[in-house]
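Atoms within a ligand are numbered from 1 in the order they appear, just like the ligands themselves. What you see is a predicted model, and the numbers here were worked out from it, not measured in a lab. Just so you know, residue 1 is the first one in the sequence shown, and it goes up from there. What you see below is based on every heavy atom in this structure, not just the backbone, and it leaves out hydrogens, waters and symmetry mates.
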Amino acid sequence: MTSKKGGSTLDQQHVLATISEVTFGDLFDLADIQRLQDEFAAATGVASIITHPDGSPLTEPSRFCRLCKDVIRRTEKGQVNCFKSDAVIGRPSPDGPVIQPCISGGLWDAGAGITVGGKHVANWLIGQVRDETQTEDKMRVYAREIGADEEETVQAFKEVPSMSRQQFGNVAQVLYTMANHLSASAYQNLQQTRLIKDLRQAEDALRESEARHRRVLENILIGVVAHGPDTRIEYANQEATRILGLSQGQMRGTTALDPGWRFLREDGTEMPHDEFPANWVLSNLKPLREKVIGVDRPPNGDRAWASVNAYPEFGPGGNLQSILVTFIDISERKRYEEEKAKLEEQLRQAQKMESVGRLAGGVAHDFNNMLGVVIGNADLALDAVSADQPLHAELKEIRRAAQRSTDLTRQLLAFARQQTIAPKVVDLNEAVAGMLKMLGRLIGEDIELTWLPGEGLWRVKMDPSQIDQILANLCVNSRDAIEGVGRVTIETANKVFDETYCATHPVTSPGHFVELSLSDDGRGMERETLANLFEPFFTTKDVGKGTGLGLATVYGIVKQNNGFINVYSEIGKGTTFKVYLPRHEGDLASKSAIPASAQVQTGQETILLVEDEPTLLKITSTMLGRLGYTVLKAGSPAEAMEIAQNHESTIDLLLTDVVMPGMNGKDLAATLFDHLPELKRLFMSGYTANVIAHHGVLDEGVFFIQKPFSKQELAAKIREALAD
Ligand code: ADP
Ligand code: MG
């Protein structure tokens with residue numbers, strides 16, 4: 001009936017903790033109560049009001065007579081008396097309404113308390129009716145007592161309705177019954193409120209625990225994907241999105257077939273759809289345990305590996321409700337295992353090489369001894385046969401062949417690395433010359449071998465067999481890189497690297513070196529190959545053809561002798577290896593022979609620098625900048641032409657790499673010459689000038705500098721080219 005209702009107020013109600021905090025306003029809609037009170041007053045003709053337990057009003061008075069409303073309650077004492085009186089008659093009483101004349105005007109009043117679960121929350125009062133015991137005289141006395149106007153009091157008194165005591169008692173009884181009803185309904189309200197509050201608390205607790213589970217689920221390092229019974233994905237946690245490479249939004253609602261994953265079996269073969277975990281569980285209706293599955297993730301197809309578990313979840317009726325798939329990332333472990341397998345394979349390979357080497361070494365050794373016998377006997381026989389006798393020439397031939405064979409066994413022993421290192425002071429030119437025949441045999445007749453010994457070559461100190469091995473290994477590689485006919489060029493030269501040069505070329509160290517370069521016009525190498533060249537077992541050759549040990553051995557030897565190696569290679573254009581071996585110390589007059597970097601020639605001209613190797617471009621540009629030049633950098637011939645076209649002021653010199661993809665330096669220079677006839681040119685290359693000239697790339701008489709060059713060499717060459 002008049003209970004407080006509607007969801008809007010429930011929030012307010014549900015915060016009530018105990019009955020002691022409950023107020024009348026919490027339990028009832030005051031406007032409803034006001035209407036009930038007004039209607040009751042109108043029906044009975046009796047004044048009515050609802051007050052707090054202390055007598056202060058809760059509702060607006062209904063049908064209050066003028067005497068009470070406008071006269072007595074207008075005075076301070078009168079109001080206090082009214083409240084006191086109201087408080088008394090509103091006392092909760094189990095037997096029926098309290099009926100009594102009021103202590104204020106002496107009119108008859110009645111009241112009934114409203115309680116909720118034992119707590120007194122309000123009084124419903126009626127009254128302001130008179131009977132014959134109250135007189136005008138008594139009213140005058142009371143008016144004087146509370147300080148009200150006597151005449152007005154008497155006048156108002158006359159307006160107060162009169163009612164028999166019997167009649168008033170009946171009205172009061174109805175009031176009592178209503179008040180009890182209100183109490184009961186308020187209590188019900190409260191119970192309901194409590195119930196709702198409990199429910200809400202339970203809901204909150206549930207929500208909180210759900211949130212906690214979700215937090216765990218989102219942070220755990222186990223991928224979790226929940227599928228519906230139709231295998232559509234309903235939920236995927238954070239780790240699942242990480243491993244599978246798709247967002248939750250991209251996965252939701254799809255089956256594993258849709259998003260473009262490629263699943264793989266443990267052996268790396270593609271997994272058929274019916275083996276996908278959710279599909280498998282759907283058709284088998286039992287758990288899948290610890291299955292190793294690979295996934296190529298969209299969009300870029302990188303691969304992850306996971307150990308997967310999957311379970312069917314059944315509802316109360318035994319029907320499939322969902323399929324839960326959980327998985328952990330084992331990519332790292334998988335990679336480790338693959339790496340291990342690779343290393344084991346390499347080890348097997350190395351062991352094979354080792355035993356082949358040992359075999360070859362052993363044979364060579366014994367063979368060498370036999371040759372000693374042959375040579376010894378040939379010598380003895382020669383002693384016995386003078387030059388003019390018929391057998392002499394033949395014996396000499398036998399001896400020469402045997403001698404040549406010992407050279408061969410020496411090579412074999414070098415390959416087998418059976419010789420202990422015995423460094424000697426060596427003239428590299430002699431060492432190379434001594435190897436030429438053997439190398440020629442190694443590379444075959446279709447490949448022409450050119451030998452260009454440097455003049456006044458410094459000596460180096462190392463084991464001669466190591467030089468042989470370097471040459472042999474490099475030559476074999478060149479042979480393999482050349483299809484059909486081709487050319488291999490071996491050169492030697494003296495080389496000085498100063499501090500400035502070494503500061504910009506991290507692999508070098510300052511000092512005097514002997515340079516041994518070996519160039520071929522074979523197929524050349526990609527960047528990728530260049531980057532891994534010296535790694536043991538790195539090979540691009542077929543199994544059985546390459547071991548990947550050739551350059552690793554060369555690298556090891558050169559490092560052991562405190563040297564270093566530079567490689568220049570361009571796909572389709574050939575390769576040059578430059579091995580730098582330190583000059584033998586005993587040959588050095590003094591260390592100060594290294595030129596000081598202060599004497600370099602500087603300039604202020606503008607130079608267009610073209611170099612396709614980014615690090616070299618940077619280093620060379622830095623050098624030029626230090627020398628005072630203005631540098632225009634181009635990473636390709638195309639870029640160089642664009643710069644040349646757009647550059648406003650003069651360009652004095654073109655410093656360009658010769659062998660570049662797309663267009664060579666010579667053609668670039670020729671093209672630029674049309675626009676800039678004054679442009680001077682200086683070519684640079686890692687290939688030696690001889691090799692380049694042979695290619696027909698550069699004409700006689702052009703300015704050329706060979707990489708690697710020192711700042712000083714560059715400075716001098718630039719001045720030369722500019723002065724032309
Ligand atoms: P292997 O010759 O057994 O492959 P190496 O260590 O000698 O091993 O060489 C490693 C790789 O470097 C070769 O497989 C080849 O790809 C590349 N390479 C070496 N020298 C040359 C060259 N002169 N021209 C082209 N590629 C070369
Ligand atoms: Mg090789």
Side-chain angles (χ1 to χ4, degrees), residues 342-343 345-357 360 411 414-417 432 435 438-440 442-444 446-451 466-491 507 515-560 563-580 613 659-661 685-688 690-692 694-695 707:
K342 209 166 101 192
L343 282 173
E345 175 55 34
Q346 286 178 358
L347 183 66
R348 260 194 301 280
Q349 185 74 11
Q351 282 167 341
K352 202 168 79 190
M353 287 295 296
E354 179 80 22
S355 49
V356 168
Q411 295 316 314
F415 275 123
R417 279 182 285 167
V432 175
M435 272 291 279
M438 152 85 182
L439 295 176
L442 217 54
I443 59 178
D446 288 342
I447 299 170
E448 195 181 328
L449 181 62
T450 308
W451 165 227
Q466 288 186 323
I467 297 173
D468 297 351
Q469 193 158 7
I470 291 173
L471 286 166
N473 289 6
L474 292 179
C475 273
V476 168
N477 282 346
S478 290
R479 178 198 66 195
D480 292 348
I482 294 169
E483 262 170 64
V485 291
R487 171 181 292 266
V488 169
T489 308
I490 305 175
E491 294 164 73
V507 290
E515 179 189 76
L516 169 68
S517 36
L518 198 140
S519 310
D520 65 59
D521 56 356
R523 76 173 74 87
M525 286 174 261
E526 294 100 350
R527 295 259 129 115
E528 164 76 13
T529 307
L530 273 172
N532 296 300
L533 216 50
F534 297 108
E535 252 169 54
F537 305 107
F538 174 82
T539 178
T540 59
K541 296 169 192 171
D542 293 340
V543 180
K545 273 214 88 184
T547 59
L549 288 170
L551 289 178
T553 308
V554 171
Y555 182 85
I557 292 173
V558 173
K559 269 274 157 270
Q560 190 180 45
F564 54 93
I565 309 175
N566 280 338
V567 190
Y568 305 87
S569 190
E570 209 53 80
I571 274 290
K573 307 278 166 63
T575 303
T576 294
F577 281 87
K578 289 185 178 172
V579 175
Y580 295 96
E613 163 59 45
V659 184
M660 290 178 286
S685 180
Y687 301 91
T688 62
N690 290 307
V691 169
I692 291 204
H694 190 85
H695 271 275
K707 298 185 217 169

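- For ligand 1, none of its N or O atoms has an N or O atom of Asp480 under 3.5 Å away.
- For the residue pair Ile557 and Gln466, the shortest heavy atom distance occurs at CG2-CB, 3.6 Å.
- Of all atoms in ligand 1, listed by their number and element, those nearer than 4.0 Å to a heavy atom of Leu533 are 12 (O), 17 (C).
- Each of Asp521, Thr450, Asp520 was evaluated against Arg487; a single residue qualifies, Thr450, per the side chain to side chain donor-acceptor pair (under 3.5 Å) test.
- Those atoms of ligand 1 that come under 4.0 Å of a heavy atom in Met525, given as number and element, are 17 (C), 18 (N), 21 (C), 25 (C), 26 (N), 27 (C).
- Atom numbering of ligand 1 starts at 1 in the shown order; those under 4.0 Å from a heavy atom of Gly550 are 5 (P), 6 (O), 7 (O).
- Among residues two or more places apart in sequence or in another chain, the side-chain hydrogen bond (donor to acceptor under 3.5 Å, both in side chains) test is passed with Thr540 by none.
- Ligand 1 has Gly524 within reach: a non-hydrogen atom of the residue lies less than 4.0 Å from it.
- A salt bridge links Glu613 to Arg527: one of the charged nitrogens lies within less than 4.0 Å of a carboxylate oxygen.
- Residues Thr575 and Ser478 have side chains not in contact (no heavy-atom distance under 4.5 Å, counting atoms from C-beta outward).
- Using a 4.5 Å cut-off on side-chain heavy atoms (C-beta onward), Leu518 and Ile470 make no contact.
- Closest heavy-atom contact between Met660 and Lys573: O-NZ, 3.4 Å.
- Near Asp520, with a cut-off below 4.0 Å to any heavy atom, the atoms of ligand 1 are 22 (C), 23 (N).
- Numbered from 1 in the order shown, with element, the atoms of ligand 1 that lie under 4.0 Å from a heavy atom of Leu551 read 5 (P), 6 (O), 7 (O), 9 (O), 19 (C).
- Not one N or O of Thr529 is nearer than 3.5 Å to an N or O of ligand 1, by distance alone.
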With a 3.5 Å cut-off and sequence neighbours excluded, list the donor-acceptor pairs that the side chains of residues 529-536 form with protein atoms.
from   : atom 1 : to     : atom 2 : distance (Å)
Thr529 : OG1    : Glu526 : OE1    : 3.1
Asn532 : ND2    : Glu528 : O      : 3.0

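- Distances shorter than 4.0 angstrom occur between a heavy atom of Phe577 and an atom of ligand 1.
- At a 4.0 Å heavy-atom cut-off, ligand 1 touches Thr575 through the side chain alone.
- Note: no N/O pair closer than 3.5 Å links Ala481 and ligand 1 by distance alone.
- Backbone and side-chain nitrogen or oxygen atoms of Thr540 are examined, and one is located within less than 3.5 angstrom of a nitrogen or oxygen of ligand 1.
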